[in-house]
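Each remark here refers to the structure printed beneath this line.
Numbers restart at 1 for each chain; the letters A, B, ... are given by sequence-line order, proteins then strands. FYI, side chains are in, hydrogens and waters are out, and symmetry mates aren't considered; it's all heavy atoms of this structure.
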There are 2 protein chains.
Amino acid sequence: MLLDRTVPAETGHAADFADAEFADAGCAAASQAGDAALESWLQRELPRLGLPLQRRRVRAKQHVFRAGQPRTALYLVHAGFFKTALVSEDGREKITGFRMRGDLLGLDALDMNAYACDAVALDTGELWEVPFARLRNECPQFQERITALLAQEIRRDWNWMLALGTLGADQRVVTFLFDLAARLQALGFSGECLQLRMTRAELGNFLSLTLETVARSLSRLQARGLIEVAGREIVLRDRAALSGLLAAGGRVH
Amino acid sequence: MLLDRTVPAETGHAADFADAEFADAGCAAASQAGDAALESWLQRELPRLGLPLQRRRVRAKQHVFRAGQPRTALYLVHAGFFKTALVSEDGREKITGFRMRGDLLGLDALDMNAYACDAVALDTGELWEVPFARLRNECPQFQERITALLAQEIRRDWNWMLALGTLGADQRVVTFLFDLAARLQALGFSGECLQLRMTRAELGNFLSLTLETVARSLSRLQARGLIEVAGREIVLRDRAALSGLLAAGGRVH
DNA sequence: CGTTTGGTTGACGAGTATCAAATGGGGTGG
DNA sequence: CCACCCCATTTGATACTCGTCAACCAAACG
């Protein structure tokens, strides 16, 4: 399995999008590392409470849950790559994010009894069921952790709203590549050589572009020697120049 | 409805963005009404805990707080109209939302010790300081309430990401008008006759449009007899036709 | 094999951004 | 009270990005 590795320490971050910010207050006992902290925390706490670790395995294109279904559990991504998506009643779809190891699925529906979005696996993966109700009651730190995750998601979304609203196609693509690279690097992967798990259409949907525009943008960047594209494998060749593209500034409105 | 299958009837698109949603689970004691519930709850609980109610008055264009400042408090909007905005280091600004009575300012930075966005008053208003730390410790229901508000904000943001990514200019404007109308109505205002508190530029910024495009869109809608525009006063003349505009469907990507 | 799915590229047009100018209202100071 | 200016808004002309439609290719799959 591609994603299985132990997680090293927090490393560098790309721009606005990584969560460089961490409250030192609160959660004294639990946290110190980045994303995957929740995983090891669960591994430690669940046995202590006498709760079994429920694993759920999924294959590519399989739905973890769908919007409207009764919310039975929260899922922690342990391996694999997922997307969460909103679908309006007139069929418009919007991918709200790509989720990987350490991310929680279902957080956005915490206050409801039905899921608020679809969660779909993009390749085979494993989920850990998080017994939210029990943990909330028996472990006060957990509640704060959840709160922090929610706030982080809001800031992430706001940053994307800023990017999508002010940047051109190429800049959006580059921003995405940097974001993905930073997240992968935080999980111990290369950070230079990216293996996309989503189609051009899904990428375009997330960036509010058409699949053609994404393909063209990648081709342009490759033609300029900034990246190398081979299907879903992308190599960042010239980070400086790519950053320059972003700094070139978008519309200010 | 986009997200909330718990809500009964379709009333048209206005409801998509309003917070019609309320989990019946949890918060048993506290909630029943709409937004202003938190206000009356505070009014009841603060005296009970021996905490004074700190009011803060602000004038138009005055900053409540700025991104990066130490996070001293959460603010509940009691009166007035506010915007929250993100500013990237290269100067691009993005208004992340307009906040009115019952909304909380600063929620998105709960896990940090510095604010994550700017909050600016658009007219004179009054804020209530929320002693978050005390309430969290002494009142378990409060924590859940906060969690719910965070999750709701995420869904709101996602819905706007969907709208901005898939709708044309006129549809975005109509969506905004419906959303505003629904929120005002929930506060006991007309719902037909809207008094905008923001400039065309701010509206455009929020909708990822230029101020000219917003002006033109409003003019078009007025020319078709769907709305009446007089500066910042807007009257919804033909809700059905406006809904039709939305249903006409946007790009599907 | 044929079929399906994902990706690339081209030609063209629609929808907005951009630049520019004119209008109007509200406030301030004379 | 008026003149003036500043700001917000409206409207027009033009440019340009990106969406749309289409053809083609490659790989995967039944």
Distance test, side-chain N/O of [X] to OP1/OP2 of [N], below 4.0 Å:
X	N	answer
A/Thr199	C/dG6	no
B/Ser219	D/dT11	yes
B/Thr213	C/dT16	no

Spacing of [X] atom [atom1] relative to [N] atom [atom2], expressed in whole Å:
X	N	atom1	atom2	result
A/Leu207	D/dC18	CG	P	12 Å
A/Lys61	D/dA28	NZ	P	13 Å
B/Leu164	C/dA17	CG	P	12 Å
A/Glu233	D/dA26	CD	P	20 Å
B/Arg200	C/dT18	CZ	P	19 Å
B/Arg232	C/dG24	CZ	C1'	14 Å
A/Leu167	C/dA17	CG	C1'	15 Å
A/Leu211	D/dC21	CG	P	13 Å

From D/dT10, D/dC18, D/dT20, pick the nucleotide closest to the side chain of B/Val229? D/dT10

Do A/Arg56 and A/Tyr75 meet the cation-pi criteria used here (NZ or CZ under 6.0 Å from the six-membered ring centre, within 45° of the axis)? yes

Indicate the ring-plane relationship of B/Tyr115 and B/Phe65, choosing parallel, tilted or perpendicular according to the 30° and 60° boundaries. parallel

Quick one: sort the B/Trp160 and B/Phe206 rings into parallel, tilted or perpendicular, breaks at 30° and 60°. perpendicular

Pair B/Phe98 and B/Phe82, ring centroids less than 6.0 Å apart: no

Using five base pairs at each end, measure the axis-to-axis angle across the helix from C/dC1-D/dG30 to C/dG30-D/dC1 and round it to 10 degrees. 40°

Tell me, do A/Met198 and A/Arg232 make a side-chain contact under 4.5 Å, heavy atoms counted? no

4.5 Å side-chain heavy-atom contact, B/Cys193 and B/Glu233: yes

So A/Ser208, base contact, sugar-phosphate only, or nothing? Heavy-atom distance under 4.0 Å. sugar-phosphate

Would you kindly check whether a donor in the side chain of B/Arg216 faces an acceptor in the base of C/dT18, or vice versa, at under 3.5 angstrom? yes

Count the heavy atoms belonging to other residues, nucleotides or ligands that lie under 6.0 Å from CZ of B/Arg57, then report whether that count exceeds 12. no

